[in-house]
Amino acid sequence: MRIKRDKRTEDKYLEKIRQSYESRIRDGVHVSDLLDPRMAYFKRLFPLGITDREIGYFLSGECLHWAVQKRLGLETEKKIELDGVEGSIDVYLEKIPTELKSARNWTIPDLPAEHYVDQVLSYCAITGSRIGNIWVFFLCPNRNYTGTKLTHPEFRLWRCEFTASELAQERKRLKTVKNILERAWKTKNFSRVPLCHEFKCYYKSRGKATISCPYWDKCRPPGRFNPKTGGVLVSD
Ligand code: SF4
């Protein structure tokens with residue numbers, strides 16, 4: 001028997017998947033645009049192709065959605081909209097907006113990541129639900145660097161409860177940032193567009209920070225740590 005990697009077929013189908021993702025590039029304003037507005041500004045005006053890394057994230061996320069929806073017989077993705085802000089909720093679990101995530105953290109935190117909470121808050125603000133769920137599938141918790149420990153995927157579900165005033169405040173934020181973003185796209189001036197979540201700018205691994213945003217040099221996010229210098233960026 002001979003077995004070898006078939007790179008040609010691999011590349012062919014990866015390209016087809018890439019084209020499929022690129023063909024669904026959206027217009028309008030989406031909740032995700034308003035969670036990381038600077039990135040949304042640059043993506044619209046300076047679109048870049050979808051990278052292999054993004055394809056990996058998108059595909060694994062979709063696999064999780066489909067599997068959970070199918071196994072639990074849940075309603076598929078639900079489209080929502082408020083004042084021109086569109087969103088898509090992964091599943092309604094017992095009539096509660098629920099975000100499904102997969103994560104590769106080696107440690108399961110006590111509380112969900114801030115950006116997951118922000119996203120669920122936006123969906124709750126749009127739907128008027130005071131409760132939202134964050135359901136994370138940790139793929140490789142409790143691993144260690146030596147690779148000597150057997151690990152298995154684990155689920156965690158967090159329930160978030162928001163006050164009426166938190167929901168009202170979030171609706172106001174969505175509206176304000178949408179207006180700022182639309183104006184910035186029109187005038188091509190991003191100075192008033194709020195920054196993204198910090199983890200979108202760069203990541204830290206084993207104490208080393210690496211820029212991960214492809215728009216870093218255009219954006220130069222003021223006040224953020226600069227992995228190139230080890231200092232903090234100031235406004236130009
Ligand atoms: S550098 Fe940071 S704030 Fe600026 S677009 Fe990229 S992720 Fe957003």
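One-based numbering along the sequence shown. Order of listing sets the numbers, starting from 1, for every ligand and every atom in it.
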Trainee: Is a side-chain N or O of D33 found less than 3.5 angstrom from the main chain of H30, in a donor-acceptor match?
Mentor: yes

Trainee: With heavy-atom distances below 4.0 Å as the criterion, list the atoms of ligand 1 near C219.
Mentor: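 Selected atoms, number and element: 1 (S), 3 (S), 4 (Fe), 5 (S).
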
Trainee: Taking atom CD of Q169 as the centre, does the number of heavy atoms from other residues, nucleotides or ligands within less than 6.0 Å exceed 12?
Mentor: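 Open: at most 12 neighbouring heavy atoms sit under 6.0 Å from CD of Q169.
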
Trainee: For ligand 1, is any non-hydrogen atom under 4.0 Å from P221's backbone (N, CA, C, O), its side chain (CB onward), both, or neither?
Mentor: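 Answer for P221: side chain.
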
Trainee: Give a yes or no on whether C213 keeps an N, O or S atom under 2.8 Å from atom 6 (Fe) of ligand 1.
Mentor: yes

Trainee: Does E15 pair with K12 as a salt bridge, N-O distance under 4.0 Å?
Mentor: no

Trainee: Which of the numbered atoms in ligand 1 are below 4.0 angstrom from a heavy atom of K200?
Mentor: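 With K200 as reference, the close atoms of ligand 1 come out as 7 (S).
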
Trainee: Which residue is it: Y215, Y41, F46, W185? I am looking for the one with a ring pair (Phe, Tyr, Trp, His ring centres under 6.0 Å) to F190.
Mentor: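 Testing F190 for a ring pair (Phe, Tyr, Trp, His ring centres under 6.0 Å) against Y215, Y41, F46, W185 leaves exactly one candidate, Y41.
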
Trainee: Can you check whether Y21 and F58 have ring centres sitting under 6.0 Å from each other?
Mentor: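 Aromatic pair counts; centres sit under 6.0 Å.
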
Trainee: Looking at K178, I'd like to know if its NZ atom is crowded, meaning that more than 12 non-hydrogen atoms belonging to other residues, nucleotides or ligands lie closer than 6.0 Å.
Mentor: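 Counting neighbours around NZ of K178, more than 12 heavy atoms of other residues, nucleotides or ligands fall under 6.0 Å, so yes.
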
Trainee: Which residue holds the protein heavy atom closest to atom 3 (S) of ligand 1, what is that atom called, and what is the gap in Å?
Mentor: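 Among all protein heavy atoms, the one nearest atom 3 (S) of ligand 1 is C196 N, 3.5 Å.
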
Trainee: Has C201 got an N/O/S atom less than 2.8 Å from atom 2 (Fe) of ligand 1?
Mentor: yes

Trainee: Can you list the ligand 1 atoms lying under 4.0 Å from a non-hydrogen atom of M39?
Mentor: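 Counting from 1, the qualifying ligand atoms are 5 (S), 8 (Fe).
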
